[in-house]
There are 4 protein chains.
Amino acid sequence: MRTFSNNEGLVSERREHIAKSVAPLFVRKGYGQTSIREIAKACDMSMGHLYYYIGGKEDVLQIMMDFDLHFYVNLVKKIISSSRSLSPTEALVKVIDQFFRATDAAGDFTLFFYQETKNLQPDARKIIMDRERSLVMEFEKLLGRGCTAGEFQIDNIPLVANNIVITGHMWALRRWMLRKICTLDDYIQNQTEYLLKSIAPGGKKGLAFNKGLLREPLNK
Amino acid sequence: MRTFSNNEGLVSERREHIAKSVAPLFVRKGYGQTSIREIAKACDMSMGHLYYYIGGKEDVLQIMMDFDLHFYVNLVKKIISSSRSLSPTEALVKVIDQFFRATDAAGDFTLFFYQETKNLQPDARKIIMDRERSLVMEFEKLLGRGCTAGEFQIDNIPLVANNIVITGHMWALRRWMLRKICTLDDYIQNQTEYLLKSIAPGGKKGLAFNKGLLREPLNK
Amino acid sequence: MRTFSNNEGLVSERREHIAKSVAPLFVRKGYGQTSIREIAKACDMSMGHLYYYIGGKEDVLQIMMDFDLHFYVNLVKKIISSSRSLSPTEALVKVIDQFFRATDAAGDFTLFFYQETKNLQPDARKIIMDRERSLVMEFEKLLGRGCTAGEFQIDNIPLVANNIVITGHMWALRRWMLRKICTLDDYIQNQTEYLLKSIAPGGKKGLAFNKGLLREPLNK
Amino acid sequence: MRTFSNNEGLVSERREHIAKSVAPLFVRKGYGQTSIREIAKACDMSMGHLYYYIGGKEDVLQIMMDFDLHFYVNLVKKIISSSRSLSPTEALVKVIDQFFRATDAAGDFTLFFYQETKNLQPDARKIIMDRERSLVMEFEKLLGRGCTAGEFQIDNIPLVANNIVITGHMWALRRWMLRKICTLDDYIQNQTEYLLKSIAPGGKKGLAFNKGLLREPLNK
DNA sequence: CATGAATGAGGTTTCATTCAT
DNA sequence: TATGAATGAAACCTCATTCAT
């Protein structure tokens with residue numbers, strides 16, 4: 001990311017300022033509909049000065065996404081590590097509860113990520129995706145602990161970890177439909193139940209049966 | 001939606017042509033990054049002629065989304081009605097299989113919906129969302145049948161229906177991550193297993209237990 | 001003016017239809033802001049068919065102006081000839097009254113002429129101006145009759161004729177200001193008085209005095 | 001009127017520049033037939049930069065009209081105040097002479113006003129009309145002084161003031177016809193004579209007589 | 001005679017980016 | 001460091017006119 005300043009500390013300080021200033025603007029108007037003039041005004045900088053710290057408009061998007069995702073991932077890490085003393089099941093329930101509430105609080109920001117990632121350059125996109133991957137990995141660790149402890153039985157841990165994350169995001173992505181169905185409290189409770197049932201140990205028979213169902217009639 | 005033609009048949013024919021022509025372009029470049037000139041060229045029309053059938057650029061987005069979603073919803077309806085003779089469980093397994101494969105085939109189109117719906121005018125957005133809602137309702141009907149038959153046990157049918165749809169979409173939205181975890185076949189099989197386990201009858205005790213877990217430690 | 005039809009009678013019939021149909025549209029929206037599509041719709045014709053009788057958009061303006069001015073001039077001629085049996089002063093008073101009322105009824109049409117004549121081609125403009133000139137000439141004849149009869153004393157008859165016409169137009173051109181000053185009845189009465197005083201016989205002395213005033217202090 | 005600059009001094013300086021640069025162009029081609037590209041070129045600015053000081057094409061019209069009318073009204077004010085030491089009759093004669101010559105010098109600009117005011121937004125139109133009104137009021141003051149001094153006898157001062165202004169405008173509006181009748185010098189002299197006769201004191205009898213004429217034969 | 005689908009040049013406006021100060 | 005005036009390419013959209021039917 002091009003810069004005219006060599007003062008690294010200043011640059012990262014300014015970029016944090018940019019990320020914070022621009023977030024509500026981007027979330028409200030969308031990246032494409034926000035002009036550099038508006039960005040500069042939100043950052044309380046002149047346009048020329050803004051370009052002192054960024055190389056182009058896209059950089060503002062990347063800076064903002066990276067910063068917010070960093071914050072979000074750290075939050076999840078804190079939540080997970082703070083429940084390390086609990087049993088895996090208890091920890092999972094608590095983490096899901098807090099993760100879903102945090103996602104709800106992040107609000108349209110989650111939706112923003114799904115919408116605007118496409119506007120990033122490939123290398124910037126990779127950075128963002130790596131952060132997203134690390135978010136999932138936090139859940140993988142927790143699920144792994146549960147499997148080791150015999151509380152969960154999971155074939156494909158990364159997939160279930162993804163399911164949890166997506167289920168959190170879903171509340172943001174489809175709020176317009178889900179709000180008509182239930183409250184956030186209901187949502188958390190119900191989804192947690194479904195998850196726990198689906199990863200509860202035992203039930204091998206059912207699985208074998210299902211696998212049969214799945215394979216036979218669909219063969220052509 | 002404004003038109004200069006009164007020939008309704010012609011208008012809807014051209015609009016279908018527009019919807020089909022523009023879809024790959026939109027999916028590849030994004031709505032905002034596609035210019036009217038490109039749209040016209042993709043439709044093999046002059047720009048002026050394009051405006052003979054639409055009122056503005058936004059209309060192209062709406063026409064394309066409406067058409068594709070219509071197609072998609074009809075497909076799901078067909079899938080579901082074709083499995084009416086099967087038992088609910090068998091039907092669900094089959095429908096999920098086909099629905100997930102259809103969503104995979106629709107490719108980036110699913111992602112496109114999540115990204116670009118924001119660019120629609122409120123009334124156009126409502127139309128699109130109603131179609132989306134009707135998609136979910138197809139699954140609700142199927143789940144309802146399973147509950148009646150005693151094969152499923154579901155508190156919140158609309159929520160589970162949403163889960164199924166989202167799980168399908170997720171394969172498109174997060175392909176970049178999921179592809180590293182498993183194949184589509186694995187994905188379908190695993191997600192189906194998780195779903196069936198989570199809605200399997202019985203297990204009341206577990207639920208009560210979970211509810212306790214959920215509520216007690218989180219109360220402040 | 002180009003035509004595709006050779007049937008002269010039909011052409012002039014259609015052009016009259018066009019003139020009548022388009023007048024309210026032009027007066028309301030202005031020539032430049034009215035599209036051929038709207039013109040065709042107002043004429044109850046297709047665009048293509050309209051071009052069967054005209055050579056271009058400008059022709060519509062010319063046709064409409066020519067027709068309406070023709071109508072207007074004829075009206076004034078009728079008014080003037082119908083008062084031929086009255087004394088010149090009586091006739092003038094009556095003609096002015098009726099002319100001003102007719103101009104008021106023509107409404108924004110008068111303003112339209114001043115605004116849009118510039119959009120005519122030079123030769124079309126000449127035709128319109130000739131009609132306007134013939135309007136003035138009708139008043140010149142009347143004034144000439146009065147001078148011969150000794151009821152008026154006018155140095156420059158064409159100028160006074162112009163003054164009368166302009167004073168009529170002024171009511172249309174500056175209605176927004178004049179309406180605050182007086183009613184149409186007041187306007188007619190006052191302007192008639194001023195006119196009659198200014199062309200009353202006698203008062204040579206005053207004129208000589210004025211001429212002196214006019215010439216001496218302004219010479220440099 | 002929207003601006004991107006907060007530097008008020010610069011903005012009004014540039015707008016004056018725009019007003020001056022664009023006037024001959026507008027007068028020659030008309031507002032509607034002048035493109036933004038041409039306006040920018042005439043102002044020696046890029047199109048984008050032009051939009052730095054205006055909110056839209058209409059603003060250019062308003063800026064130009066406001067500026068020129070301001071100049072014109074100030075001119076008349078100066079003329080009138082410079083003749084304050086003269087007798088009302090002398091002053092009127094002198095002011096008319098100078099006002100008519102100024103209007104003649106302003107050339108097609110007067111016609112432009114009558115033609116293009118319709119293209120202004122209502123609020124902009126109001127501003128222009130207020131300036132026009134203040135022009136008339138200058139003449140009202142002068143006429144009022146003459147009435148007080150007993151040199152004029154006028155029922156409706158605002159109307160006569162309007163007549164004077166219109167008679168000046170008329171030379172511009174109908175130059176094509178008036179030029180064939182007389183020179184500007186003749187025009188000024190004749191119109192001044194007519195005016196002075198029409199507002200000369202005395203002649204009550206004639207008025208009473210005329211009023212009779214006016215009312216009786218036209219009643220139905 | 002009559003239609004209206006089709007054209008494409010040209011209109012107004014926006015905006016990321018630069019550079020003299 | 002900091003400013004914001006200036007650029008110009010490119011965006012969306014309109015419309016007079018033509019021509020195959």
Side-chain angles (χ1 to χ4, degrees), chain A residues 2 4-7 10-11 14 32-41 44-60, chain B residues 2-7 10-11 14 32-40 44-60, chain C residues 2 4-7 10-11 14 32-41 44-60, chain D residues 2-7 10-11 14 32-40 44-60:
Chain A
R2 199 205 57 189
F4 284 120
S5 172
N6 295 319
N7 182 339
L10 183 65
V11 168
R14 290 296 192 196
Q33 280 65 49
T34 306
S35 70
I36 285 284
R37 208 181 298 273
E38 289 170 302
I39 292 171
K41 173 163 267 182
D44 222 11
M45 287 179 182
S46 70
M47 282 157 54
H49 196 204
L50 182 63
Y51 272 89
Y52 201 78
Y53 300 110
I54 63 170
K57 195 187 169 190
E58 273 171 358
D59 287 354
V60 180
Chain B
R2 198 207 56 187
T3 305
F4 284 122
S5 174
N6 295 319
N7 183 339
L10 182 65
V11 168
R14 290 293 192 213
Q33 281 64 49
T34 307
S35 72
I36 284 286
R37 220 175 293 272
E38 289 169 303
I39 292 170
D44 217 14
M45 288 179 180
S46 69
M47 280 161 51
H49 194 208
L50 180 64
Y51 274 91
Y52 200 76
Y53 300 108
I54 63 168
K57 196 186 169 190
E58 273 173 359
D59 286 353
V60 180
Chain C
R2 199 205 56 188
F4 284 121
S5 172
N6 295 319
N7 182 338
L10 182 66
V11 167
R14 290 296 193 197
Q33 280 64 51
T34 306
S35 71
I36 284 284
R37 208 182 297 271
E38 288 169 303
I39 292 170
K41 174 164 266 180
D44 223 11
M45 288 179 181
S46 71
M47 282 158 54
H49 195 202
L50 181 64
Y51 272 88
Y52 200 79
Y53 300 110
I54 63 168
K57 193 186 170 190
E58 274 171 358
D59 287 353
V60 180
Chain D
R2 197 206 57 187
T3 304
F4 283 122
S5 174
N6 295 319
N7 183 339
L10 182 65
V11 168
R14 290 293 194 214
Q33 280 64 48
T34 307
S35 73
I36 284 285
R37 223 176 293 270
E38 289 169 304
I39 292 171
D44 218 14
M45 289 178 178
S46 69
M47 281 162 50
H49 194 208
L50 180 63
Y51 273 90
Y52 200 76
Y53 300 108
I54 63 169
K57 194 187 170 190
E58 272 173 359
D59 287 353
V60 180

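Per chain, numbering begins at 1; letters A, B, ... match sequence-line order.
- Considering only side-chain N and O atoms, Y51(C) lies under 4.0 angstrom from the phosphate OP1 or OP2 of dT17(F).
- N7(A) comes within 4.0 angstrom of the backbone, heavy atoms only, and of no base.
- Regarding I36(B), its CD1 atom lies at a distance of 16 Å from the C1' atom of dA9(E), rounded to whole Å.
- Looking at Q33(A), R37(A), E38(A) one by one, the single match for side-chain hydrogen bond (donor to acceptor under 3.5 Å, both in side chains) with S35(A) turns out to be E38(A).
- Within the model, atoms OH of Y51(C) and CZ of R2(C) stand 8.5 Å from one another, a figure rounded to the nearest 0.5 Å.
- Rounded to whole Å, the distance from CG on N6(B) to P on dT3(E) is 12 Å.
- For the atom pair CD1 of I36(B) and CD1 of I54(B), the computed distance is 5.0 Å after rounding to the nearest 0.5 Å.
- The residue S46(B) sits close to a base: some heavy atom pair falls under 4.0 Å.
- Between L10(A) and Y53(A) the shortest side-chain heavy-atom distance falls below 4.5 Å.
- Contact between the side-chain N/O atoms of Y52(A) and the OP1/OP2 oxygens of dT1(F) is not found at any separation under 4.0 Å.
- In this structure, T3(B) reaches neither bases nor backbone, as no heavy-atom distance under 4.0 Å exists between it and the strands shown.
- Side-chain N/O atoms of R37(A) include none lying less than 4.0 angstrom from OP1 or OP2 on dA5(F).
- Y53(A) has a side-chain polar atom (N or O) that falls below the 4.0 Å cut-off from OP1 or OP2 of dA2(F).
- Taking a pair as Watson-Crick or G-U wobble with both distances under 3.5 Å, the runs of three or more consecutive pairs in DNA chain E are E:2-21 with F:2-21.
- Taking only side-chain nitrogens and oxygens, S5(D) comes nearer than 4.0 Å to OP1 or OP2 of dA5(F).
- A close approach under 4.0 Å does not occur between any side-chain nitrogen or oxygen of H49(C) and OP1 or OP2 of dC1(E).
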